[in-house]
Amino acid sequence: MAEISANTIVEVLQKQLDAIKTSVDSREVGTVIQVGDGIARIDGLKGAMSGELLEFVAAGGKKVFGLAQNLEEDEVGAVLLGDVTAIKENDQVRTTGRIVEVPSGRAFLGRVVNPLGEPIDGKGPIEAEGMRPVEFRAPGVIERQGVNEPVQTGVLAIDSMIPIGRGQRELIIGDRQTGKTAIAVDTIINSKGKNLICIYVAIGQKASTVATVVETLERYGAMEYTIVVSASASDSAPLQYIAPMAGVAMGEFFMYNGEDGKPASKENPGRHVLCIYDDLSKQAVAYRQMSLTLRRPPGREAYPGDVFYLHSRLLERAVKLSEKNGSGSLTALPVIETQAGDVSAYIPTNVISITDGQIFLQSDLFFQGQRPAVNVGISVSRVGSSAQIKAMKQVAGSLRLDLAAYRELQAFAQFGSDLDKATTDQLARGARMTELLKQGRYVPMPVEEQVMAVFAGNNGFLDSIPVSDVVRFREELLQYLRATRPEIGTAILMEQKISDETSDKLKEAIAAFANQFSTSEKA
């Protein structure tokens, strides 16, 4: 009998060991001891981690996921993210060892999904390219670079005086029905062809309102580069709570990966993303509801003590990445609703202190017909002219201060009729510049046309026009320049500034049009 070598025995044993699957799926199993209001109290999960994804197994085998929130001595408090009616007392709960993740990828563009990444637009399933954690560490200072590229909103009042840069966090704040969502939607529509992916997160809104926004975006061809994440008013508080984090996670997929879907680097640049959270005051209310049902102690205005941390860790994820990390960016436009213009309330002051500026919309201006109803006095962008092309800096440098001075002067002038010529001229110019900034919904203006419009105002071409005709003058002037002198707009775009030659051509073209306009007025 031939002897079997030791090596042969080792090889045979190794093959047998390889054939046996020795991996062990280690999970803790607990039991639901109480359930109600979308909150489950669980016994037996001693090793559960805060923020861990839990798997609930209902009696019929249906699985519902939840989020571990309260880790107490003898029980775990969790919020349910799925069908809350399916879970009953004594149902099994298992730990997963994972945190909540959402799917993302190019297939999500043009779709409406819920905060778990499931499609709700009736257009069939979506094939994800990757999963992103809902909670993710914001990049550190070394991984970032300064904000230096503009996000053109197409709204003249904002792009000229309160510019937004790629990687910035700019708050849109105001009472209800003052045009906050309109500014956000205008920005998405204006992003067409500008290499900007848009994520619109609707929190606690009526489903009909979200449907109207989606229909508007489809009408203007903006859905092809937009993802809509919707947690409507009828959805549970936990879904409204995670909606903004799910939206930013979907956006981060594009920022951290290049066009080819591989990790971004200097050679494979990341994409640019715009995230709109409409609105965070409803997310704070959902988090308050969730926290109170979890029996966490209430703080100021009954909000939980960590509501500031909730918004800061969300908004800190807005970034302009360094060249080494692919130069991608994520711009955040959070929306906050105020009550009777009270910006000193708890949530508004929190978010103002986290963001890099705010666009304040005022009801009084809105009802006076100033649309968009931007209050120039207290609106600010802390990134400033770094987020503007040089041409816009040239024409709009002093516009904000001039308009603020005009508002003060206007209030003062109401008390007396004896005004010197300089004051009268300043009031006349201010009234026309204020009128120049009026703009309808869903008609964003290209940046070169904005520059030409402000240039006309600065150089006194509006001074002889009646205030009521200023908007018509602007529209017809831009139409005239597009039709007869397109090379002026092209030069501004190409050079990114107004050269002496372009300035002379522009003055000559505006003067020629102004003569025609005044003639038609007299006729």
Side-chain angles (χ1 to χ4, degrees), residues 146-168 170 186-187 190-196 272 320 329 331 357 359 372 374 376 379-403 429 432-439 443-462 470-471 473-514:
V147 173
N148 51 26
E149 289 176 81
V151 170
Q152 300 292 351
T153 65
V155 180
L156 179 57
I158 292 171
D159 290 343
S160 58
M161 296 183 288
I162 319 150
I164 302 169
R166 292 188 176 184
Q168 190 178 343
E170 183 78 7
D186 272 339
T187 307
N190 194 54
S191 299
K192 193 169 191 172
K194 293 187 171 65
N195 183 30
L196 194 63
H272 298 281
K320 171 75 171 131
S329 70
T331 310
I359 297 164
V374 178
V376 180
S379 296
V380 65
S381 169
R382 296 188 188 103
V383 170
S385 57
S386 304
Q388 283 177 317
I389 64 168
K390 194 177 177 188
M392 186 60 89
K393 287 185 213 176
Q394 284 174 273
V395 297
S398 62
L399 181 61
R400 195 166 165 275
L401 290 173
D402 290 348
L403 284 180
R429 173 72 63 90
R432 283 158 181 77
M433 292 306 280
T434 301
E435 192 71 16
L436 183 74
L437 298 176
K438 287 187 179 178
Q439 197 172 337
V443 280
M445 204 184 287
V447 66
E448 69 276 15
E449 293 189 1
Q450 293 181 7
V451 169
M452 293 189 284
V454 179
F455 182 91
N458 283 350
N459 285 279
F461 290 104
L462 301 178
V470 167
V471 173
F473 178 89
R474 182 192 71 198
E475 296 306 318
E476 290 179 15
L477 167 67
L478 295 176
Q479 205 175 336
Y480 170 82
L481 291 169
R482 273 196 298 269
T484 62
R485 305 298 296 272
E487 72 279 1
I488 298 176
T490 307
I492 292 171
L493 269 184
M494 294 291 288
E495 298 168 13
Q496 298 274 295
K497 64 176 185 178
I498 301 177
S499 62
D500 293 341
E501 186 187 344
T502 306
S503 176
D504 293 341
K505 283 182 184 175
L506 193 50
K507 281 178 184 170
E508 181 194 322
I510 298 171
F513 171 77

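Numbering of residues begins at 1 and proceeds along the displayed sequence. Since the structure is predicted, the reported quantities are computational estimates derived from the model, not experimental observations.
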Distance, nearest 0.5 Å, that separates CE of Met392 from CD of Gln450: 4.0 Å
Report the distance from atom OG1 of Thr490 to atom CD of Glu495, rounding to the nearest 0.5 Å. 10.5 Å
How long is the straight-line distance from CD of Glu149 back to NE2 of His272, given to the nearest 0.5 Å? 4.5 Å
Side-chain heavy atoms of Met445 within contact of Asp159, under 4.5 Å: no
Run the numbers on Gln168 and Ser381 for side-chain hydrogen bond (donor to acceptor under 3.5 Å, both in side chains), then give the verdict. CA-CA 9 Å; Gln168 190 178 343; Ser381 169; 3.1 Å; yes
For Tyr480 versus Ala512, what's the shortest heavy-atom pair and its separation? OH-CB, 3.8 Å
Under the salt bridge (Lys or Arg N to Asp or Glu O under 4.0 Å) criterion, do Glu435 and Arg474 qualify, and how do the steps go? CA-CA 10 Å; Glu435 192 71 16; Arg474 182 192 71 198; over 6 Å; no
Of all the heavy-atom pairs spanning Phe455 and Ser503, show the shortest one and how long it is. CZ-OG, 3.6 Å
Report yes if some heavy atom in the side chain of Met161 is under 4.5 Å from a heavy atom in the side chain of Leu403; otherwise report no. yes
Around atom NZ of Lys194, are there more than 12 heavy atoms from other residues, nucleotides or ligands closer than 6.0 Å? yes
Value for CG (Leu462) from CZ (Arg429), rounded to nearest 0.5 Å, stands at 8.0 Å
Got a donor-acceptor contact below 3.5 angstrom from the Glu448 side chain to the Ala391 backbone? no
Do Asn190 and Thr153 have side chains that approach each other closer than 4.5 Å (heavy atoms only, starting at C-beta)? no
Specify the closest pair of heavy atoms between Ala387 and Pro150, including all atoms of both residues, with the distance to one decimal. O-CB, 3.0 Å
How far apart are the closest heavy atoms of Phe461 and Ile510, and which atoms are they? CG-CG2, 3.4 Å
Would a 4.5 Å heavy-atom cut-off, applied to side chains only, mark Ile492 and Val447 as touching? no
Determine the sole option in Val470, Leu156, Val471, Val374 for which the side chain to side chain contact (heavy atoms under 4.5 Å, CB included) test with Leu437 is passed. Leu156
Would you mind reporting whether Val383 and Ile164 have side-chain heavy atoms less than 4.5 Å apart? no
What's the spacing between Lys507 NZ and Thr502 OG1 if we round to 0.5 Å? 12.0 Å
Here's a test for you: under salt bridge (Lys or Arg N to Asp or Glu O under 4.0 Å), which of Glu487, Glu476, Glu449, Glu475 qualifies with Arg482? Glu449
Could you measure the distance from the CD atom of Gln152 to the CD atom of Gln388? Nearest 0.5 Å is fine. 8.5 Å
Contact summary for Ala157 and Pro372, nearest pair of heavy atoms: CB-CG, 4.4 Å
Where is the tightest heavy-atom contact between Val395 and Val454, given as atom of each residue plus distance? O-CG1, 3.6 Å
When you look at CG of Asp504, are more than 12 heavy atoms from neighbouring residues, nucleotides or ligands closer to it than 6.0 Å? yes
Backbone of Leu196 reached by a side-chain donor or acceptor of Arg166 within 3.5 Å: no
Indicate yes or no for a side-chain donor-acceptor contact from Asp186 to the backbone of Pro444 under 3.5 Å, with no hydrogens or angles considered. no
Hey, does the side chain of Gln479 reach the backbone of Ala483 with a donor-acceptor pair shorter than 3.5 angstrom? no
Any heavy-atom pair between the side chains of Met433 and Asp402 that's under 4.5 Å? no
Would you say that Thr434 contacts Val376 through its side chain, given a criterion of any heavy-atom pair below 4.5 Å between the two side chains? no
For atom NZ of Lys438, is the number of surrounding heavy atoms from other residues, nucleotides or ligands below 6.0 Å larger than 12? yes
